Structures are given as structure tokens and as C-alpha cells.
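Shown next, in C-alpha cells, is the structure this report addresses.
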Amino acid sequence: MWDLDCPWSLSVAAPHSETTFSILGNTGCAMIVLAACWLAMDSLPRLRKMFWPVVAVGSMSLTVYVLHTVGIAYLLRVMGIDSAGEDGSLSMLLSFVVATSTFAVLWLRAFQRGPMEVLMGRITDLARHIL
């Protein structure tokens, strides 16, 4: 859509143009949203209790990502369900959200970090001692 051979095309800030100013603008918007969410969570303790499942999933995002990937592979290979094709539905998405949120909340009640986060922490500690 944009002539990337022309240096002036990088100055376009149109949505989804993937140019420098578009990326900077999107990053700025994301940072504003994160800061607003952070301030809201700090100032409203009831909001923190209400969004505890979201906080739990965010606290162990690597584990949730790996479980999500394993779940999709299971659906594709074992059950023969194409989660991205015609078989994919809102109910499948909601089941993934409920399953991962439930797992994250229950896991974090017993442990401080997710299993993949602990594994990555141990690997980095090992690498720190080697180097």
C-alpha cells in the first residue's frame, strides 16, 4: 500500500501502515492504557478483587501461552477440531478463557509463580552462574 522505497513513506502515520510514526503512536496508546489500568487498580481495591483472574493470568502469562498452544495442538491432532476454521467458535474461546483463568487462580493460591516462570527463573539462574 505504501511505497517503502521512498523515505518519505516512513513519515505517514495512517492506521495499520506499520510505519515508524504509526508504531510509535500505537506504543504510546498502549502505554497510556496500561498506566490507566495500573492507576485504577491501585486506587480502587475492590476493582483488584474483581479482576483477580485477569491479574492471575497476567502473572503467569508464559505458562498460559504454553498451555494455550498445547490445547490448540490437542484440539487439532487428537480431536480433529480446527480451532481457527469453521469449528472455531465463541464457546471454544470462552472455554479457553475460563480454563486458563481457573487454572491461574488455583495455581497462584498454592504457589507464587507459574510453572514455566519458575523453570525460566531456574534456567536464568543457572546461566548466571555459568557466565
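Keep in mind that this is a model prediction, so the values were computed, not measured.
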| message | Quick check: closest heavy atoms across Pro53 and Ser101, and the distance to 0.1 Å? | response | CB-CB, 4.2 Å

| query | Which heavy-atom pair separates Pro115 from Met60 by the least distance, and what is that distance? | reply | CD-CE, 4.0 Å

| Expected output: side-chain Trp107 to main-chain Arg113 donor-acceptor under 3.5 Å | yes

| task | Before giving the answer on salt bridge (charged side-chain N to carboxylate O under 4.0 Å, His left out), spell out for Arg122 and Asp125 the whole-Å C-alpha distance, their side-chain angles and the decisive distance to 0.1 Å. | result | CA-CA 5 Å; Arg122 288 183 181 168; Asp125 285 343; over 6 Å; no

| field | More than 12 heavy atoms of other groups within 6.0 Å of Met120 CE | value | no

| query | Would the number of heavy atoms belonging to other residues, nucleotides or ligands and lying under 6.0 Å from CE of Met31 be above 12? | reply | no

So if you build clusters from Ile, Leu, Val, Met, Phe, Trp, Tyr with side-chain heavy-atom gaps below 4.5 Å, do [X] and [Y] land together?
X	Y	result
Val55	Phe111	yes
Leu90	Val97	yes
Met92	Ile72	yes
Met41	Val33	no
Val105	Val54	yes

| request: Compare all side-chain heavy atoms of Leu75 with those of Phe96 and state whether any distance is below 4.5 angstrom. | output: yes

| request: Check whether any side-chain heavy atom of Tyr65 sits under 4.5 Å from a side-chain heavy atom of Met116, and report yes or no. | output: no

Roughly how far, to the nearest 0.5 Å, is the [atom2] atom of [Y] from the [atom1] atom of [X]?
X	Y	atom1	atom2	value
Ser59	Glu117	OG	CD	8.5 Å
Ser43	Arg48	OG	CZ	11.0 Å
Thr27	Ile32	OG1	CD1	11.0 Å
Cys37	Leu47	SG	CG	8.5 Å

| Identified side-chain contact (heavy atoms from CB on, under 4.5 Å) counterpart of Leu126 within the set Ile130, Thr124, Ile123 | Ile130

| task | Evaluate the side-chain contact (heavy atoms from CB on, under 4.5 Å) criterion for residues Phe103 and Val57: first the C-alpha distance (whole Å), next the side-chain angles of each, then the deciding distance (0.1 Å), finally the verdict. | result | CA-CA 9 Å; Phe103 172 76; Val57 169; over 6 Å; no

